[in-house]
Each structure stands twice: as C-alpha cells, then as structure tokens.
Amino acid sequence: MKRILFIALSSLLIMAGCEATNDVQKPAEKEVTNQVTPAQTTVSSLIMSDLKLSKGSNQLFDKAEQKTKVLYHLKLTIKNSSEDNILISAAQFKALTSDGKYIRNFPTLDELGQPLEAQKKITEKIYFAPPKNQTIEKIIYEDKDRAAYQEWKVTSE
C-alpha cells in the first residue's frame with residue numbers, strides 16, 4: 001500500500017513539475033555584426049585582433065537616450081608583445097560616424113582600463129553610442145603618450 005501511494009505521489013509531483021507555463025518567449029533577434037578591417041594589426045607592441053562591432057542592448061541608456069541613440073559594442077582581443085606593462089584604456093578609442101563626426105566611447109563600469117602585463121592577452125568590449133540616424137564608419141585607436149595610432153574601416157555584413 002505504501003509503495004502504491006509513494007508511486008502515485010511521485011508521479012503527481014513529476015507531472016506538476018513538468019506542467020506547461022505561460023512564459024512567452026520572444027524570438028531571438030539576429031545580432032547585426034559589422035566587419036572591421038584589417039582583422040589583425042600590431043600597434044606599437046599591441047597586437048589587436050578579432051575585432052567585431054555589433055549592436056548592443058539599449059538597457060544601458062536612460063529613457064531619453066534610448067530614443068535618440070543606438071548602442072554598439074566593439075569586442076576585441078589585445079595582446080601585449082613587449083616586455084613592459086602597457087596601460088590601455090577605452091578612452092583611447094573613438095569612432096567616426098557617417099556624418100563625419102568623432103564620438104568618444106560610451107563609459108561603462110566594466111570598460112577596458114588597466115595595465116596589460118607583458119606577453120599577456122585580454123578580450124574586452126568597448127561601447128559607442130552614435131545618434132540613431134548614424135552608423136559607425138571607422139574605429140580609431142590613439143595613444144598620444146606612446147605615439148600609437150590605428151584606424152579600422154567598418155563595413156556592414
């Protein structure tokens with residue numbers, strides 16, 4: 001008797017746990033990725049590779065900015081090929097928009113901004129927020145202290 005009661009209660013619990021929910025799942029949005037060329041370059045002892053520019057989530061904006069701006073994130077891998085630590089910061093990157101204006105990175109709490117140890121590699125994201133009617137044409141890295149400069153052309157895939 002106990003065995004039958006145990007089996008009945010167990011199957012009831014399993015069926016209750018497997019019951020369908022009313023969660024509505026949105027179809028996944030296709031991530032728009034832009035091609036950034038050249039794909040790998042060396043800029044004053046820093047090897048920058050795997051650059052990918054994609055539209056990000058506008059949740060980082062307040063309500064007013066969500067109506068006027070689009071958030072992009074640049075994902076890249078950076079390797080320090082020198083024997084010294086090199087300070088690298090998201091503030092050293094800027095973007096050229098389709099209207100010919102330069103915009104600085106969009107600051108976030110987890111942005112790139114640390115010394116990169118000798119012979120180490122990191123993968124980071126840098127954010128940009130151009131106006132909604134603009135696209136990013138180029139990404140520019142400039143370190144005036146080390147006389148380092150690099151441009152990447154951005155094209156839609």
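On a predicted model such as this, the values are computed, not experimentally measured, just so you know.
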Determine the minimum heavy-atom distance between Asp110 and Glu124, stating which atoms define it.
O-OE1, 4.2 Å
Any luck finding a side-chain donor-acceptor pair between Gln134 and Ser98 under 3.5 Å?
yes
Stepwise, does the side-chain contact (heavy atoms from CB on, under 4.5 Å) test hold for Leu53 with Trp152?
CA-CA 11 Å; Leu53 184 68; Trp152 292 272; over 6 Å; no
Return the minimal non-hydrogen interatomic distance between Ala118 and Asn85, and the atom names on each side.
N-OD1, 3.3 Å
Check whether more than 12 heavy atoms from other residues, nucleotides or ligands sit under 6.0 Å from atom NZ of Lys153, and answer yes or no.
no
Any donor-acceptor N/O pair, Gln92 side chain to Asp143 backbone, under 3.5 Å
no
Checking Leu76, Thr41, Val154 against Leu51 for side-chain contact (heavy atoms from CB on, under 4.5 Å), the one that qualifies is Leu76
Output for pair (Lys120 NZ, Ile78 CD1), nearest 0.5 Å, gives 15.5 Å
Which heavy atom of Ile136 sits nearest a heavy atom of Ala95, and at what distance?
CG2-CB, 3.9 Å
Whether over 12 other heavy atoms sit under 6.0 Å from Lys75 NZ:
no
In this structure, would Val70 and Phe61 fall into the same cluster of hydrophobic residues linked by side-chain contacts under 4.5 Å?
no
Where do Phe128 and Arg104 come nearest, in terms of heavy atoms and distance?
CD2-O, 3.9 Å
Using modelled atom types and a 3.5 Å cut-off, is there a donor and acceptor pairing between side-chain atoms of Lys69 and backbone atoms of Ala64?
no
Does Ile103 share a hydrophobic cluster with Ile139, counting links as ILVMFWY side-chain heavy atoms below 4.5 Å and allowing steps through other members?
yes
Between Leu46 and Ile86, which heavy-atom pair has the shortest distance, and what is it?
CD2-CD1, 3.9 Å
Rounded to the nearest 0.5 Å, how far does NE2 of His73 lie from CD1 of Ile126?
11.5 Å
Rounded to the nearest 0.5 Å, what separation is found between the NZ atom of Lys101 and the CG atom of Leu96?
11.5 Å
To the nearest 0.5 Å, what is the distance between CG (Leu71) and CG (Leu60)?
5.5 Å
Do we see a donor-acceptor contact under 3.5 Å between the side chains of Ser82 and Asp84?
no
Hydrophobic cluster membership, with links at side-chain heavy-atom distances under 4.5 Å among I/L/V/M/F/W/Y: are Met48 and Tyr72 in one?
yes
Suppose we screen for ring-ring contact (aromatic ring centres under 6.0 Å, His included). Which residues come up paired with Phe93, at least two apart in sequence or across chains?
Tyr141
Evaluate whether atom CD of Gln119 has more than 12 neighbouring non-hydrogen atoms of other residues, nucleotides or ligands under 6.0 angstrom away.
yes
Distance-only side-chain donor-acceptor flag, Ser81 / Ser45, under 3.5 Å
no
Are Ile47 and Leu74 grouped together when hydrophobic residues (ILVMFWY) are joined by side-chain heavy atoms under 4.5 angstrom apart?
no
Determine, using the 4.5 Å side-chain heavy-atom cutoff (strictly less than), whether Phe106 and Val36 are members of one ILVMFWY cluster.
no
Under 3.5 Å: donor-acceptor pair, side chain of Asn80, backbone of Leu116:
yes
Find the distance between CD1 (Ile88) and CD1 (Ile122) and round it off to the nearest 0.5 Å.
6.5 Å
Using 0.5 Å steps for rounding, measure from the NZ atom of Lys63 to the CG atom of Asn58.
11.0 Å
